[in-house]
Amino acid sequence: MMLNNLRTRIIGFIESKQEVPVIAAIAAGLYPFIRSFDSNFILVNSWYYLFFFTLVFLLIPPILCYIIHRLIKESTILKSYHKYVLPILNFCFFGLFMVLSTYGMKKKIMAVVLVLMFCLAMVLYKHLKKIIVIQFLLAIMAFALFVPKVYVYLQQTHEWIELPDSIESSVFKKHPNVYFIQPDGYANFSELKKGYYKFDNALFETYLSDKKFTFYNGFRSNYTSTIFTNSAIFSMKHHYYRYPRDIDINSYDFRNIIVGNNPVLSIFKANDYKTHLLLQQPYFLLNRPKMGYDYCNIDYNDIPYFSHGFDMNLDVNSELEMLINQNSKSHNFYVLEKILPSHIAHSDGDSNGIEEERELYLNRLKEANEWLTNTIEIITSNDPDGLIVICADHGGFVGLKCMDNSSVKTDDRDILHSVFTSVLAIKWPDNHTPDYTDELKTSVNLFRVLVSYLSENETYLNYLEDDKSFSIIDTGAPLGVYEVLDEAGHTAFNRSVE
């Protein structure tokens, strides 16, 4: 009965002669509105984006549509084109919004789509109400798929981030400025020499040795991407990707943890440190999380509204030198992140093939060496007693055709280490390497060891997390989170989270 009633209403709407400028505009914006949240939820899950998308997709179009429709209808000159107005507005709004929700502000794509939509509207203008019905049906289906994501998001808690000891109350006995430098995707020196990399990095290694850096061979990440790794680093805890049953909803709150008031920041602030975040790109900031750092080089107002996180190319080094000089009287904690050398292509369609992806990665590695050299020179010339940590977020995935292939089950040792290998080199103050830093095997335990050093309290080392590496596998095994490298770095395959 209900379906028959709905069918009757839809047919009545299609056959009616009533003009519907507001409904036409809402129909054009509703599906792209829902799709923008559904496909990019990890980037836009904030009240800021809810307000902005509501304004852009659902409020402005009906107002414009009503005004334009009314003006042309009452115009003596343009009245003869009145029948095309609503179809053109509906099609063009829909096409424009689909481009924005998929590609962002790509002007060339927008221009092509708008021309195409204009032409389609001129051809299909008699079928506008059928198109409106289809648009509403698309929105209903998208909403039905989106609701479970929202439900899971609202069920999230931060219980996993609670630490098992009193490390957040630690009191530093040493107070050097601390520089955490993260070159994205930089493989460990020990792995670069072998496996699928086979790269001679001796020149840069010699430079670091001359600067009295200690190398941690075999060091690796616990997770496969920057967001997953950094949320574990700054929490000093494993999160196991949180929700492995749906890959799309893994990292909803991780940006809030990375740049928010996480345990690592809390410790430094409690010990009277100023905290500084210097980013080349706004990737960590897309959903406008509450900023936990005292200073960030990117203002939220400067981030494009339809950004995918790689719209800028900021010079973090010039900013760093300025901050070091401005804050010479205080204790400081600096986090620097640059998208070099990065990693191979994300998807098969973007890949240049295994060998060429390797060459491209190694060329970017040379660029990363130049940037790191410049960064270290700035720090050591202005702050020779600083504690400098170079730690990557993951490896370069060299040996795979694309990053997506890392979700395929494998027991290839070199592939797994290519994914998880991570450079770690530390310049300790006074060139004195603590004798317990052999505990530094994976990134989740990095700051627990650093805090133990700064507070001169080795009891915090009693609560180190497992030095295991985890991956989401969806091919060759049931979808889930699996331990793929054990504590010794050997291949494993144990399901970790149900």
Side-chain angles (χ1 to χ4, degrees), residues 5-40 44 47-144 146 301 304-306:
N5 191 27
L6 178 62
R7 181 174 177 274
T8 301
R9 286 175 176 272
I10 291 174
I11 292 173
F13 171 76
I14 292 173
E15 293 179 347
S16 72
K17 302 298 182 181
Q18 182 182 2
E19 295 179 325
V20 287
V22 173
I23 293 176
I26 293 174
L30 188 58
Y31 173 68
F33 172 79
I34 298 170
R35 187 180 183 278
S36 293
F37 280 104
D38 183 48
S39 59
N40 302 295
V44 298
W47 291 109
Y48 171 90
Y49 271 106
L50 179 61
F51 172 78
F52 176 73
F53 284 163
T54 300
L55 183 68
V56 170
F57 290 111
L58 300 180
L59 295 182
I60 292 177
I63 294 172
L64 289 177
C65 202
Y66 179 82
I67 293 173
I68 293 171
H69 173 261
R70 187 69 179 267
L71 289 174
I72 292 179
K73 186 177 182 179
E74 295 178 358
S75 169
T76 54
I77 299 175
L78 300 174
K79 191 173 183 179
S80 59
Y81 299 101
H82 169 252
K83 63 183 178 181
Y84 300 111
V85 174
L86 288 185
I88 290 172
L89 289 172
N90 174 273
F91 276 60
C92 288
F93 273 131
F94 184 78
L96 176 65
F97 291 154
M98 288 300 295
V99 172
L100 286 172
S101 64
T102 305
Y103 301 104
M105 295 289 291
K106 300 293 185 182
K107 294 179 182 178
K108 291 183 179 179
I109 299 177
M110 285 181 185
V112 171
V113 169
L114 285 175
V115 171
L116 178 62
M117 290 296 105
F118 182 89
C119 295
L120 283 175
M122 296 296 287
V123 174
L124 301 174
Y125 73 94
K126 292 182 180 180
H127 304 284
L128 173 63
K129 290 186 176 178
K130 294 178 183 177
I131 300 298
I132 290 174
V133 170
I134 293 172
Q135 289 170 340
F136 276 122
L137 288 175
L138 284 172
I140 291 169
M141 289 187 289
F143 184 74
F146 180 53
N301 293 324
Y305 291 116
F306 290 95

**Prompt:** Is the backbone N or O of V99 less than 3.5 Å from a side-chain atom of T102, with the two atoms forming a donor-acceptor pair by type?
**Reply:** no

**Separation between CG of L128 and OH of Y84, rounded to the nearest 0.5 Å** = 13.5 Å

**Spatial distance of atom CD1 (I72) from atom CD1 (I88) [nearest 0.5 Å]** = 8.0 Å

**Request:** Measure the spacing between CG of L55 and CZ of F51 and express it to the nearest 0.5 Å.
**Result:** 5.5 Å

**Request:** For the residue pair L50 and W47, establish whether any side-chain heavy-atom pair is separated by less than 4.5 Å.
**Result:** yes

**Message:** Nearest 0.5 Å, please: how far is CD1 in I132 from CZ in F94?
**Reply:** 12.0 Å

**Side chain K129, main chain V20, donor-acceptor under 3.5 Å** = no

**Message:** I want to check something: taking the side chain as every heavy atom from C-beta on, are P21 and R70 in contact at a cut-off of under 4.5 Å?
**Reply:** no

**Item:** L58 side chain near L30 side chain, heavy-atom distance below 4.5 Å
**Value:** yes

**Request:** Find out whether I131 and F91 are in side-chain contact, i.e. whether some heavy atom of one side chain is under 4.5 Å from a heavy atom of the other.
**Result:** yes

**Asked** How far does CG of N90 sit from CD1 of I26, to the nearest 0.5 angstrom?
**Response** 11.5 Å

**Prompt:** Under 6.0 Å from the OH atom of Y48, do we count more than 12 heavy atoms belonging to anything else shown?
**Reply:** yes

**Request:** Report the distance from atom CD1 of I34 to atom CZ of F53, rounding to the nearest 0.5 Å.
**Result:** 13.0 Å

**Item:** Atom OH of Y66: over 12 foreign heavy atoms under 6.0 Å
**Value:** no

**Item:** More than 12 heavy atoms from other groups under 6.0 Å of CZ on F146
**Value:** yes

**Prompt:** Any side-chain heavy atom of M98 within less than 4.5 Å of one from Y31?
**Reply:** yes

**Message:** For F97 and F93, take the angle between the two ring planes, folded into 0 to 90°, and tell me which bin it lands in: parallel under 30, tilted 30 to 60, perpendicular over 60.
**Reply:** parallel

